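Read the structure below first, then the notes.
Because the structure is a prediction, the values reported are computed rather than measured. Every chain is numbered from 1, with letters handed out A, B, ... down the list of sequences.
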Number of protein chains: 2
Amino acid sequence: MKHDSRLSSVLHALLHMAEHDGPMTSEVLGQCLGTNPVVVRRTMGLLREAGLVTSDRGHAGGWRISADLSTVTLRQLHEALGEPAVFALGNRNERPQCLVEQSVNAALDGAFAEAEALLLERFSEITLATLADDFARRHREWRAQKG
Amino acid sequence: MKHDSRLSSVLHALLHMAEHDGPMTSEVLGQCLGTNPVVVRRTMGLLREAGLVTSDRGHAGGWRISADLSTVTLRQLHEALGEPAVFALGNRNERPQCLVEQSVNAALDGAFAEAEALLLERFSEITLATLADDFARRHREWRAQKG
DNA sequence: TTTCATGTAACTTCATATGTTACGATTCGA
DNA sequence: TCGAATCGTAACATATGAAGTTACATGAAA
C-alpha cells in the first residue's frame with residue numbers, strides 16, 4: 001500500500017534547514033527532497049499553522065524554523081500533520097451489529113492501540129536535536145572514512 | 001488512507017465457520033461480511049494455501065476450518081495473508097544517499113520496528129479460540145439483556 | 001516596477017484495496 | 001448422463017488518497 005511519507009519529508013526538510021543559515025526556499029527544499037515546490041509549501045504550511053516554522057515571501061524569503069530544536073518532537077510533527085492514520089491495517093466495519101465482528105474488532109483494536117501508543121511514545125522521545133546530533137555523528141564518520 | 005481489512009475479514013469469516021456445522025459457501029460468507037463471493041474466495045484461498053482451511057467444489061461444497069481453533073493465532077493469519085505492510089506511514093526513500101535523510105530513516109525505522117514487534121507479539125498471543133470465547137461471552141450477555 | 005517568493009485552487013497521475021463480471025472446472029444428485 | 005451447485009481465476013471496473021503539476025494571485029525587496 002502506498003504510504004504517507006510526509007513525516008519523513010518534513011524531518012528531512014527541517015534538518016536541512018537546521019544545518020543552513022537563513023531561510024530556505026520551497027524550490028531548494030524541493031530539490032533536497034526530490035519533489036515539487038508546491039508539495040513543500042503544502043506540507044510545510046501545516047507546520048506553520050502549528051507555529052513550528054515561519055515563511056516569508058519575496059526577495060530573501062523562504063522557510064525558517066521558529067522553535068528550539070530540542071523542544072520539537074516527532075510526535076508534535078505528527079500532530080501538526082493532522083495525526084494521519086498510523087496503520088495500513090484495520091477493521092472492515094467500525095460499528096458492526098454482528099457480535100462475531102464485535103469480538104474481532106475488540107481484539108484487533110486492543111492490539112493496534114497498544115502498538116500505536118508505543119509508537120507515539122517513541123515519537124515523543126525523539127526531538128529534532130536528537131536527529132541533528134545523529135546526523136552530526138554520521139557526518140563525522142563520513143569525513144573520517146573519506147580520508 | 002484506505003486500509004487493508006483482510007485480517008479483520010478472515011477472522012470474521014472463520015468465527016462464523018467455527019459456529020456453523022458443515023461447510024459454508026463463499027456466497028453465504030460474502031453475505032456475513034457484506035462483500036462479494038469472489039472476494040471471499042480470493043482471500044480465503046490464501047488461508048487454504050497456508051493449510052488453515054479447505055474448500056470443496058460442487059454440491060454441499062464450501063469452506064471448512066482444518067485446524068484446531070486454539071492453535072491458530074492472528075499472527076499466523078497475518079502471515080498467511082502475505083504479511084502485508086502494517087503501517088500507513090513510511091520513509092520517503094528507503095536507500096537515501098543524503099546523510100540527513102539517513103538519520104531520519106534510522107530514527108523512524110527504529111520506532112516503527114518496535115511498534116510492529118509489539119503488534120505481532122500481541123497477534124501471536126490471540127488465537128481463534130480466544131476470539132470464540134469472547135464471542136460466547138458477548139452472546140450470553142446479549143441473551144441475558146434481551147430476555 | 002521588476003523579480004523573487006509564497007498561497008492556493010484545480011487538476012492530473014499513480015498505487016492499490018476492493019468490487020464485479022465472466023467463464024471454466026469440478027462435484028454431486030436426480 | 002445431465003444439470004445445478006460450487007469453487008478457481010482472469011480480466012476489468014471503481015474508489016480512495018497521497019503525491020505531482022499547472023496556473024495565477026499576492027506580497028516583499030532591490
Side-chain angles (χ1 to χ4, degrees), chain A residues 1-10 12-13 17 20 22-49 53-64 66 78 81-94, chain B residues 1-10 12-13 17 20 22-49 53-64 66 78 81-94:
Chain A
M1 165 172 291
K2 197 173 182 180
H3 57 214
D4 180 341
S5 61
R6 288 178 302 164
L7 180 58
S8 169
S9 292
V10 298
H12 189 178
M17 289 160 69
H20 184 271
M24 290 181 77
T25 66
S26 304
E27 179 69 36
V28 170
L29 286 172
Q31 287 168 3
C32 289
L33 304 189
T35 186
N36 192 292
V38 177
V39 174
V40 173
R41 286 185 206 121
R42 183 187 296 158
T43 312
M44 294 295 286
L46 296 171
L47 304 192
R48 183 185 49 228
E49 290 173 15
V53 301
T54 58
S55 59
D56 290 301
R57 299 203 252 205
H59 273 282
W63 299 90
R64 268 185 297 217
S66 59
H78 176 64
L81 294 173
E83 301 192 79
V86 165
F87 294 107
L89 307 178
N91 297 327
R92 183 171 180 83
N93 304 304
E94 284 308 330
Chain B
M1 165 171 295
K2 199 171 183 181
H3 57 215
D4 180 341
S5 61
R6 288 177 302 164
L7 180 58
S8 169
S9 292
V10 298
H12 189 178
M17 289 159 69
H20 184 270
M24 290 181 77
T25 67
S26 304
E27 180 68 37
V28 170
L29 287 172
Q31 287 168 3
C32 288
L33 305 189
T35 187
N36 193 294
V38 178
V39 174
V40 172
R41 285 184 207 122
R42 184 188 295 158
T43 312
M44 293 296 286
L46 297 170
L47 304 192
R48 181 184 51 227
E49 290 172 15
V53 300
T54 58
S55 59
D56 290 302
R57 298 202 251 205
H59 271 284
W63 299 90
R64 269 186 295 218
S66 60
H78 176 65
L81 294 173
E83 301 192 80
V86 165
F87 294 107
L89 307 178
N91 297 327
R92 182 171 180 83
N93 304 302
E94 284 308 329

Please identify each residue that fulfils side chain to side chain donor-acceptor pair (under 3.5 Å) with B:Arg92, with sequence neighbours left out.
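Result, side chain to side chain donor-acceptor pair (under 3.5 Å) vs B:Arg92: none returned.
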
For B:Arg64, the side chain to side chain donor-acceptor pair (under 3.5 Å) test, sequence neighbours excluded, returns B:Asp56

Name each donor-acceptor pair under 3.5 Å that joins a side chain in residues 26-39 of chain A to protein atoms two or more places apart or in another chain, with its distance.
{"unit_1": "A:Ser26", "atom_1": "OG", "unit_2": "A:Trp63", "atom_2": "NE1", "d": "2.8"}
{"unit_1": "A:Asn36", "atom_1": "OD1", "unit_2": "A:Val38", "atom_2": "N", "d": "2.9"}

Separation of [X] atom [atom1] from [N] atom [atom2], in whole Å?
| X | N | atom1 | atom2 | result |
| --- | --- | --- | --- | --- |
| A:Asn93 | C:dA17 | CG | P | 19 Å |
| A:Arg48 | C:dG7 | CZ | C1' | 7 Å |
| B:Leu46 | D:dG8 | CG | P | 11 Å |
| A:Arg6 | D:dA18 | CZ | P | 6 Å |
| A:Leu33 | D:dA18 | CG | P | 18 Å |
| B:Leu89 | D:dG17 | CG | C1' | 14 Å |
| A:Glu49 | C:dT8 | CD | C1' | 12 Å |
| B:Leu81 | C:dA17 | CG | C1' | 13 Å |

Residues in side-chain contact (heavy atoms from CB on, under 4.5 Å) contact with A:Ser66, at least two apart in sequence or another chain |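 So A:Ser66 forms a side-chain contact (heavy atoms from CB on, under 4.5 Å) with A:Thr54.
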
Sorted by chain and residue number, the side-chain contact (heavy atoms from CB on, under 4.5 Å) partners of A:Leu46 (sequence neighbours excluded) come out as A:Arg6, A:Glu49, A:Leu81

Tightest non-hydrogen contact, residues B:Gly90 and A:Ser8, listed as O-CB, 3.6 Å

field: Nearest heavy atoms of A:Pro84 and A:His78, plus distance in Å
entry: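 Taking every non-hydrogen atom into account, O-CE1, 3.3 Å.
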
Can you find a side chain N or O atom of [X] that sits less than 4.0 Å from OP1 or OP2 on [N]?
| X | N | answer |
| --- | --- | --- |
| A:Ser55 | C:dT6 | no |
| B:Arg92 | D:dG20 | yes |
| B:Ser5 | C:dT18 | yes |
| B:Thr25 | D:dA5 | no |

Report task. Please tell me which of the listed nucleotides, C:dG7, D:dC7, D:dG8, lies nearest to the side chain of B:Ser26? Result ->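 Of C:dG7, D:dC7, D:dG8, D:dC7 is nearest to the side chain of B:Ser26.
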
With B for base contact, S for sugar-phosphate-only contact and - for none (protein heavy atoms under 4.0 Å), nucleotides 20-29 of chain C reads BBB-BBSBB-

* To do: For B:Gly45, answer base if it contacts any base atom (sugar-phosphate contacts may also be present), sugar-phosphate if it contacts only those atoms, and nothing otherwise; contact means non-hydrogen atoms under 4.0 Å.
  => nothing

